[in-house]
Amino acid sequence: MVSHGLHFSTMLTKPKSSLYYFHLLFSLKFSISSLHTATKGSIVLSSAKTRCRNSKFIVHCNTQITQHGRNGNIKEAESIFNRMPFKTTVSWTAMLTAYAENRNISKAREVFAKMPERTISSYNAMITAYNKNGCMVDEAYELFCNMSERDAVSYATMITGYVSKGRFDKALEIYESTPGEWREPVCSNVLINGYLKVGRLDMAIGIFEGMVRRDVVSLSLMVDGYCKSGRIMEARKLFDEMVERNVVTWTTMINGYLKMGYLIDGFGLFSMMRKEKGVLVNSTTLTIIFEACGHFDRYREGIQMHGLVLKSGFEFCVFLGNSIITMYCRFGCIGAANLVFDMMTRKDLVSWNSLIMGYVQENETEKAYELFEKMPRKDVVSWTTMIMGFSGEGQTDKAIELFTMMPEKDDVAWTVVISGFVSNEMYEEAFSWFTDMLQKSVKPNSLTLSSLLSASANSAILSNGQQIHAQAIKMCLELDLSIQNSLVSMYSKCGNVVDANQVFISIAEPNVVSFNTMIVGFAQNGFGEEALNLFGKMQSEGQEPNPITFLAVLSACTHVGLIEVGWEVFKSMKSLYNIEPGPDHYSCMVDLLGRAGLFDKAVDLIHSMPFDPHSGVWGALLGASMTHLRVDLAKLAAQQLIKLEPDSATPYVVLSNLYTILGKKKEGDKVRMDKKSKRIQKSPGCSWLIVKDKVHLFLSGDQSHKDSEEIRVTLRTIMKEMEEQACDLFNPDLTLVLDVFCGFSNVNKMPSPSLATVAFLKDASLNKKYDGYKNSGLALSFP
DNA sequence: GACTAAAATT
């Protein structure tokens, strides 16, 4: 009989069982009458018929029904089920489950009602169907109670149902009612899993310890539970004690290490796992490895692993492909990410979103948008990523357009639009959109408030910041660390160090960002001593400083002129803290030494740098040379700056001004001519001052303006009074303003809306209402 | 060896 089959297809290399013909009947849609191969055909047919009772046919169909159900092909599953000449209880149960998987509870119920006989498994399947439906746990429970006989799966399923609804009381009640003689690990496992998912490690431990028999799942669950609570040592102890460990156990432990940033342990365990007999790395393990490589910038390991995957012919599942795309995007290798994307036979939303995100991060918004338009289906993430892309490029109009078109807007989408305004310095829009968001009853999250606090800080409008602070308290977010850090930053940028410090000391567990922000706050407001004290305190509290801490401390030293201390701190970076000073640290030191007139030391330091000095270093030297009228060094610094940033006007302007001040008009003109011949444009210097909650903007403009001298005089008076009031004259903002308005700097031209400004400033200076510096902010920025 | 239940991932 089997040999006849060979006539059907020459592709058959070895005899197939009758299953083959049965499969053919369905998959090639051969109807019985269309089998016209006469004698041969009828033999096949009759044999198929007689073999229908053969369990192999039925098993095959049952498997097909299950698989189609899982893949969402409910029509296929139905068609096979309906055409089955003989059905077993398993077939009926498989069909029931297929309907349940596709959320068709009424059909599932129909099948359950119609089936000729029911086993415990059929009941179990129906309970699962109810559980999956969302709000039918009670129906499930009714069925469960009506069962004359139950097995471990019945109990496990019922517990899962209640656990997924968060009804742990009922779950526990059923768990405790499990017959003691066969309380299988799976019953405890589902409960442990439930407790761990809601973060109740204590309860999970309780159940775990009460277990008489534990299996590899119970232990793997507990390993995961300990890892996720940060108790990695206990997790490892449990892991080491395990007699049996499978892929999941290994993967869980590796994931635990990698998520906490313990790369050596994680990668080490991974190579141990690869050597372990009987355990095979799977796509989940690899997904975790790729994620860690991307997250911790392990380029070499990432590439190596990708090579290994390609070499071993490992099948790309969607998760794995997506994690590789994300990794390459993090490395900035968008081409490689694209290649992986193209290679993937199956792609999902995450694949598209990850690649779009990659292009957005590379500022290739157009490319991102092409993909966005091409993708078959879009979700909130796709829209939000695109909005972020356009905002990041300053195309706020396009961002808003997309936001308007977005079908459902969540808090994240609103936040992205708002923070887009903030990063584009459109503070008013940010606040007005925030009002809209509140009116639409969308609940802001901590990120929304953080970016609005940063808006308040950058626009130095304290009252807005205070309102956001109030909002945070109202929403019970005032204990959120990122909010607290933003508050510290906001208050200190608005010149309100007292409130900044108030917030800072209220932080229960300040992190390195909190300390850095407060140190910068002290430094920028002239409290150098306090900044240094806090630096000491942070260490006595066991908080490791990072490179940014040192920038803050060094700038504090610069502000209060603590040259020796600054020098010591700088030297200690490497020797005490094993932190290699970066370009910005060197700039800070050059600034510190240069301002003090210690040019030999400054130049020596530049020569001792282990890398080529960047523009910041030369800029600092140029600034200091200007202050101390050191033409020789200014020339050197300006030359270097021109080399590094040929389009920047600053070195030309500073140098020519210096020559002018020294009365060397000829040289000054020469520099100006040089600049002109290179067609370099200086972007206008800009300064602003807030008094009485109004922002007054000064742009450098026409030199010939008749009032410029008057404004300078007025400002000089203000500055003098500030000096008398012992305002911090080392504050860079303030010195810059002094420079600008007193004509000692690159901006020697005054703004046009002058008369009103002058009148206002006169009034302000006379009535001493310019406490804007302390309370509202006085700063200078070069756009 | 099919159906029902339990663990790790972008």
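Letters go in sequence order (proteins before strands), and every chain restarts at 1.
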Heavy atoms only, 4.0 Å cut-off, all strands: where does [X] land among base, sugar-phosphate and nothing?
X	answer
A:Thr249	nothing
A:Thr251	base
A:Val217	base
A:Asp348	nothing
A:Lys87	nothing

| Pairs touching residues 261-278 of chain A that satisfy side chain to side chain donor-acceptor pair (under 3.5 Å), sequence neighbours left out |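 As it turns out, there is no side chain to side chain donor-acceptor pair (under 3.5 Å) pair with a partner in residues 261-278 of chain A once direct neighbours are skipped.
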
| Pair listing, side chain to side chain donor-acceptor pair (under 3.5 Å) test, anchored in residues 291-303 of chain A, at least two apart |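 Counting only pairs at least two positions apart or across chains, the side chain to side chain donor-acceptor pair (under 3.5 Å) contacts touching residues 291-303 of chain A are A:Lys259-A:Glu291, A:Arg298-A:Glu301.
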
| request: Return the set of residues passing side-chain contact (heavy atoms from CB on, under 4.5 Å) with A:Val190 (not counting sequence neighbours), or none when no residue passes. | output: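 Partners of A:Val190 by the side-chain contact (heavy atoms from CB on, under 4.5 Å) criterion, ordered by chain and then number, come out as A:Ala156, A:Ile159, A:Thr160.
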
| With sequence neighbours excluded, residues passing side-chain contact (heavy atoms from CB on, under 4.5 Å) with A:Ser154 |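 For A:Ser154, the residues satisfying side-chain contact (heavy atoms from CB on, under 4.5 Å) (neighbours in sequence not counted) are A:Ile120, A:Asn124, A:Phe144, A:Met147, A:Arg150, A:Asp151.
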
| field | Counterpart residues, ring-ring contact (aromatic ring centres under 6.0 Å, His included), relative to A:His306 (two or more places apart) | value |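 Partners of A:His306 under the ring-ring contact (aromatic ring centres under 6.0 Å, His included) test: A:Tyr328.
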
| Can you pull the contact range of chain A along DNA chain B, 5' to 3', using atoms under 4.0 angstrom from its heavy atoms? |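 Both ends considered, the range comes out as B:dG1 to B:dT10.
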
| query | Between A:Asn338 and A:Tyr359, does any side-chain donor sit less than 3.5 Å from a side-chain acceptor? | reply |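 Per modelled atom types, A:Asn338 and A:Tyr359 side chains form a pair under 3.5 Å.
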
